*Asks:* 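Here it is: the structure, laid out below.
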Amino acid sequence: MCGITGWASFHHDARTQAPVIEAMTATLTRRGPDAGGVWLGERAAIGHRRLAVIDPAGGAQPMTDRPDRPDIVLTYSGEVYNHHELRAELRARGHVFRTRSDTEVVLRAYAEWGEDLAERLEGMFAFAVWDERARRLVLVRDRLGVKPLFWAPVDGGLAFASEPKALFAHPGIRPRVDADGLREAYSLLFNTGPTVWSGVREVEPGGLLVLDRDGVRERRYWRLEAREHTHDQETTVDRIRALVGEAARSRLEADVPLCSLLSGGIDSTVLTALLADELRLREGGEARIRSYAVDYSDQAERFTGDVLRTGHDTPYATEAGAFIGTEHSTVVLDPRALLDPEHRTAVVVARDSPIGVGDMDTSLYLLFGEIRRHSTVALSGEAADEVFGGYPWFHRPKALAARTFPWLLVTGDEAAMPLNPELDLRMAEFRDDTYRSALAAVPHLDGESPAEHRQREMQHLSLTRWLRQLLHRKDRLSMAQSLEVRVPYCDHRLVEYAFSAPWALKSFDGREKSLLRAMGAGLAPDAVLHRPKNHYPATHHPDYNRGLQDMARDALATERVRALADETRVKPCLDTPPDRLEWGHRLRLERVVDLALWLDHYQPELAL
């Protein structure tokens with residue numbers, strides 16, 4: 001896993017701009033602490049920071065097809081899990097390899113297939129190819145958007161990077177925010193393409209971008225499709241078991257220490273059990289995988305259920321670890337660590353955005369820091385809820401009947417950042433327009449019942465929008481700690497198969513995630529297997545709430561924050577006794593604090 005950046009321009013000689021590409025690359029050092037490099041040509045500058053995971057001795061980047069006068073230059077982030085099969089195919093076609101790295105497989109694949117290589121790659125990736133022969137820049141992002149890739153126009157071309165902060169090191173790109181950016185950030189609709197930053201865009205998941213002298217061309221090489229599902233229940237469960245198992249096994253390859261995130265829910269427990277079984281098979285019966293969970297110092301005594309949480313995770317995670325036979329650790333955090341301004345600022349800088357989820361982001365960042373002391377790669381159960389229908393909105397009639405994004409019924413205005421009404425952002429109109437566009441993109445099968453039609457919409461919205469912000473959070477906070485996180489449930493073959501399965505199969509036992517529960521029988525304790533859905537934990541300690549209120553008061557004392565926030569809607573949250581502060585109101589305070597930190601760090605131009 002790595003950080004990539006660079007630019008191509010047909011108006012300037014990039015060979016004179018070494019300090020610029022070096023500065024852009026340096027901003028990504030946390031993504032790649034092991035090595036860095038740049039390449040300069042007449043029309044392009046390419047930078048790379050490396051986190052060495054496969055073939056540490058080889059795989060240095062930027063990688064070229066030949067050391068002198070290269071035709072192809074690659075800067076690549078991610079993992080291609082079918083690189084062994086592709087290497088064999090490319091060797092049969094006459095390609096000679098210098099390294100064991102998957103990076104070189106991507107390089108040779110471009111030499112063989114050009115931009116069509118994207119459809120042959122299986123994994124999580126974001127990369128840029130400068131084709132010296134065609135004077136062409138190609139940007140490619142994986143199908144689900146696991147790895148980030150941003151770009152912005154510059155004079156005569158465009159710049160790209162794993163994170164916007166690298167773009168801002170280019171003299172032609174400044175951090176600027178307008179009304180459109182605020183709508184994108186605070187609407188919680190999770191569009192891809194536009195960002196909070198004016199002029200900065202994302203390459204679409206499953207998309208690629210080409211820049212040449214004719215301009216910029218974007219296209220999608222993959223998107224979700226609705227296909228006829230002909231398998232019965234037993235066959236479907238068997239196929240899901242095979243797909244999840246294959247996804248888990250393929251993501252175990254690494255030349256560095258590896259572990260699993262084990263929350264005590266069905267998603268992470270089933271995944272960890274599969275990983276543990278595979279490691280024992282490969283390395284002998286005594287091999288044990290490390291597993292990690294996070295908890296708070298007050299959780300056992302003070303746990304309080306809310307709209308997202310039904311129980312305390314730690315006992316379930318401990319039971320799951322013992323059942324599977326992992327080397328399990330629980331990272332326990334206290335309010336001081338969660339409120340520490342240094343930690344809070346690090347999280348905001350990692351995100352390049354004012355939008356987060358407060359203590360849940362800070363705790364994840366700190367958890368990843370502890371994991372990184374022992375492991376370089378972690379595997380996570382992210383995306384199982386989206387793939388198998390785990391969220392409440394798949395099952396509640398009110399959510400199914402609502403004509404809006406279903407998560408807004410959970411988060412709603414209570415958890416949203418209360419923006420200053422004088423900004424006149426017309427947020428309700430923006431949400432309505434975006435919702436109509438989102439539904440228009442949902443594929444359907446002829447003859448679907450209205451109920452099946454609606455469930456298809458809910459699944460598509462969850463996979464193409466809600467999931468993207470979760471993947472963004474996990475990537476940015478893990479890479480800020482130089483940790484690679486792999487997500488087997490995002491395997492595109494699994495996603496495609498599950499998406500096409502009718503809702504009756506996904507809920508055949510009358511509960512959420514029926515297919516995952518059926519295939520996981522025997523892999524998890526019964527208490528975990530039949531446990532209700534539980535979201536990532538949040539602290540309930542009054543000391544945290546009290547400290548958060550103090551930080552929010554300080555934030556509102558600054559003129560720039562008051563210009564954006566609606567003080568009248570924040571004040572009740574400040575006046576509530578700390579031990580009675582509800583989760584939604586607390587999240588409102590979190591957004592005010594993060595806004596202040598973001599403004600202070602980036603000093604963006606506000607064009608409102």
Side-chain angles (χ1 to χ4, degrees), residues 1-9 24 27-28 31 44-48 62 73-80 106 109-110 114-131 136-154 157-168 170 173 180-181 184 189-212 214-224 351-353 441 463-465 467-476 479 487 490 492:
M1 199 56 58
C2 309
I4 67 172
T5 191
W7 76 86
S9 172
M24 295 173 71
T27 67
L28 302 174
R31 295 189 74 93
I46 307 295
H48 187 266
V73 184
L74 171 69
T75 183
Y76 161 79
S77 170
E79 306 290 348
V80 170
V106 175
Y110 178 83
E115 65 185 65
D116 291 337
L117 90 161
E119 298 174 34
R120 297 173 176 266
L121 306 179
E122 298 172 4
M124 57 179 192
F125 47 81
F127 61 88
V129 175
W130 173 250
D131 189 328
R136 176 175 62 179
L137 179 70
V138 181
L139 306 180
V140 182
R141 192 176 182 196
D142 67 70
R143 293 167 179 81
L144 273 294
V146 180
K147 303 316 297 177
L149 185 52
F150 298 87
W151 66 278
V154 296
L158 65 85
F160 64 89
S162 297
E163 300 178 5
K165 60 175 62 68
L167 298 176
F168 300 144
H170 189 287
I173 306 171
D180 288 336
E184 291 293 344
L189 306 186
F190 314 118
N191 286 314
T192 52
T195 70
V196 65
W197 303 107
S198 179
V200 176
R201 297 182 61 83
E202 286 186 271
V203 175
E204 290 272 358
L208 60 82
L209 178 152
V210 178
L211 168 74
D212 56 24
D214 294 329
V216 173
R217 170 175 56 86
E218 294 183 82
R219 72 173 175 90
R220 296 284 294 276
Y221 66 88
W222 181 87
R223 65 180 74 241
L224 272 175
R351 291 195 315 249
D352 288 318
S353 168
L463 283 163
T464 61
R465 288 177 176 268
L467 176 61
R468 289 178 183 176
Q469 55 92 19
L470 296 178
L471 294 175
H472 168 93
R473 172 178 180 248
K474 189 142 284 184
D475 171 85
R476 303 299 282 280
M479 294 307 293
V487 280
C490 284
H492 74 277

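Numbering of residues begins at 1 and proceeds along the displayed sequence. Computed from a prediction, not measured in an experiment: that's the story for all the values here.
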*Asks:* Of all the heavy-atom pairs spanning Pro153 and Ile173, show the shortest one and how long it is.
*Replies:*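 Between these two residues, the closest heavy atoms are O-CG1, 4.2 Å.
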
*Asks:* Which pair of heavy atoms, one from Ala118 and one from Val140, lies closest together, and at what distance?
*Replies:*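 In this case the closest contact between Ala118 and Val140 is CB-CG1, 3.8 Å.
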
*Asks:* Nearest 0.5 angstrom please: Trp7 CH2 to Trp130 CH2, how far?
*Replies:*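 So the gap between those two atoms works out to 12.5 Å.
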
*Asks:* Any donor and acceptor pair, going by atom type alone, linking the side chain of Ser77 with main-chain N or O of Cys2 inside 3.5 Å?
*Replies:*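 Checking the backbone N and O of Cys2 against the side chain of Ser77, a donor-acceptor pair under 3.5 Å is found.
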
*Asks:* Just how far is it from atom NZ of Lys165 to atom CZ of Phe150, taken to the nearest 0.5 Å?
*Replies:*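 Between Lys165 NZ and Phe150 CZ, I get 9.0 Å after rounding to 0.5 Å.
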
*Asks:* Would Arg143 and Arg223 count as a side chain to side chain contact (heavy atoms under 4.5 Å, CB included) here? Give the steps.
*Replies:* CA-CA 7 Å; Arg143 293 167 179 81; Arg223 65 180 74 241; over 6 Å; no

*Asks:* For the atom pair OH (Tyr110) and CG (Leu74), what is the distance rounded to the nearest 0.5 Å?
*Replies:*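 It is 10.5 Å, given to the nearest 0.5 Å.
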
*Asks:* Please round to the nearest 0.5 Å and tell me the distance separating atom CZ of Phe190 and atom CG of Leu471.
*Replies:*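 Going from CZ on Phe190 over to CG on Leu471, the span is 12.0 Å.
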
*Asks:* Taking all atoms of both residues into account, what is the closest heavy-atom pair of Leu137 and Ala128, and its distance?
*Replies:*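 Closest heavy-atom pair between Leu137 and Ala128: CD1-CB, 4.3 Å.
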
*Asks:* Take Leu189 and Arg465, measure what side chain to side chain contact (heavy atoms under 4.5 Å, CB included) needs, and give me the verdict at the end.
*Replies:* CA-CA 7 Å; Leu189 306 186; Arg465 288 177 176 268; 4.3 Å; yes

*Asks:* Is the backbone N or O of Ile4 less than 3.5 Å from a side-chain atom of Ser162, with the two atoms forming a donor-acceptor pair by type?
*Replies:*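 Judged by distance alone, yes, a pair lies under 3.5 Å.
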
*Asks:* Hey, mind stepping through Leu208 and Leu139 against side chain to side chain contact (heavy atoms under 4.5 Å, CB included) and telling me if it holds?
*Replies:* CA-CA 5 Å; Leu208 60 82; Leu139 306 180; over 6 Å; no

*Asks:* Do side-chain atoms of Asp142 reach the backbone of Lys147 as a donor and acceptor pair under 3.5 angstrom?
*Replies:*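 Yes; at least one donor-acceptor contact below 3.5 Å.
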
*Asks:* Would you confirm whether His48, through its side chain, and Tyr76, through its main-chain N or O, come within 3.5 Å as a donor-acceptor pair?
*Replies:*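 Between the backbone of Tyr76 and the side chain of His48 there is a qualifying donor-acceptor contact (under 3.5 Å).
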
*Asks:* Using side-chain heavy atoms (C-beta onward) and a distance below 4.5 Å, is Arg220 in contact with Glu204?
*Replies:*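 Of all side-chain heavy-atom pairs linking Glu204 with Arg220, at least one is under 4.5 Å.
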
*Asks:* Here's a test for you: under side-chain contact (heavy atoms from CB on, under 4.5 Å), which of Arg468, Glu184, Glu202 qualifies with Asn191?
*Replies:*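 Going through the options one by one, the only one that passes is Glu184.
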
*Asks:* For the backbone of Val200 and the side chain of Thr195, can you confirm whether one donor and one acceptor N or O come within less than 3.5 Å of each other?
*Replies:*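 Present.
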
*Asks:* CG of Leu144 to CG of Leu463: how many Å apart, nearest 0.5 Å?
*Replies:*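 So the gap between those two atoms works out to 7.0 Å.
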
*Asks:* Can you check side chain to side chain contact (heavy atoms under 4.5 Å, CB included) on Trp222 and His492, steps first, answer last?
*Replies:* CA-CA 10 Å; Trp222 181 87; His492 74 277; 4.2 Å; yes

*Asks:* Which heavy atom of Val154 sits nearest to which heavy atom of Ala8, and what is that distance?
*Replies:*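 Heavy atoms of Val154 and Ala8 come nearest at CG2-O, 4.3 Å.
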
*Asks:* Less than 4.5 Å apart, any side-chain heavy atom of Val216 and any of Leu158?
*Replies:*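 Yes, at least one pair of side-chain atoms sits under 4.5 Å.
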
*Asks:* Salt-bridged, Asp131 to Arg136, with N to O below 4.0 Å?
*Replies:*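 So Asp131 pairs with Arg136 through a salt bridge.
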
*Asks:* I'd like to know whether Arg201 forms a salt bridge (Lys or Arg N to Asp or Glu O under 4.0 Å) with Asp180, so could you lay out the CA-CA distance, the side-chain angles of the two residues, the decisive distance to 0.1 Å, and finally the verdict.
*Replies:* CA-CA 12 Å; Arg201 297 182 61 83; Asp180 288 336; over 6 Å; no

*Asks:* Using a strict cut-off of less than 4.0 Å between a Lys/Arg side-chain nitrogen and an Asp/Glu carboxylate oxygen, indicate whether Glu163 and Arg476 qualify as a salt bridge.
*Replies:*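 Yes, Glu163 and Arg476 are salt-bridged.
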
*Asks:* Can you find a heavy atom in the side chain of Arg141 that is under 4.5 Å from one in the side chain of Tyr221?
*Replies:*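 A side-chain contact is absent here, since even the closest heavy-atom pair is not under 4.5 Å.
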
*Asks:* Whether the side chain of Thr75 engages the backbone of Gly47 through a donor-acceptor N/O pair (distance < 3.5 Å, no angle test) should be reported.
*Replies:*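 It does hold such a pair.
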
*Asks:* Is the distance between the ring centroids of Trp197 and Phe168 less than 6.0 Å?
*Replies:*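 Close enough - the centres of the two rings lie under 6.0 Å apart.
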
*Asks:* What is the minimum heavy-atom distance between Phe127 and Leu149, and which atoms define it?
*Replies:*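 Result for this residue pair: O-CD2, 4.1 Å.
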
*Asks:* To the closest 0.5 Å, what do you measure between SG (Cys490) and CG (Leu470)?
*Replies:*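 Answer for the SG-CG pair, Cys490 versus Leu470, is 9.5 Å.
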
*Asks:* Donor-acceptor check, side chain of Arg31 to backbone of Met479, threshold 3.5 angstrom: yes or no?
*Replies:*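 The answer is no, because no donor-acceptor pair under 3.5 Å joins these two groups.
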
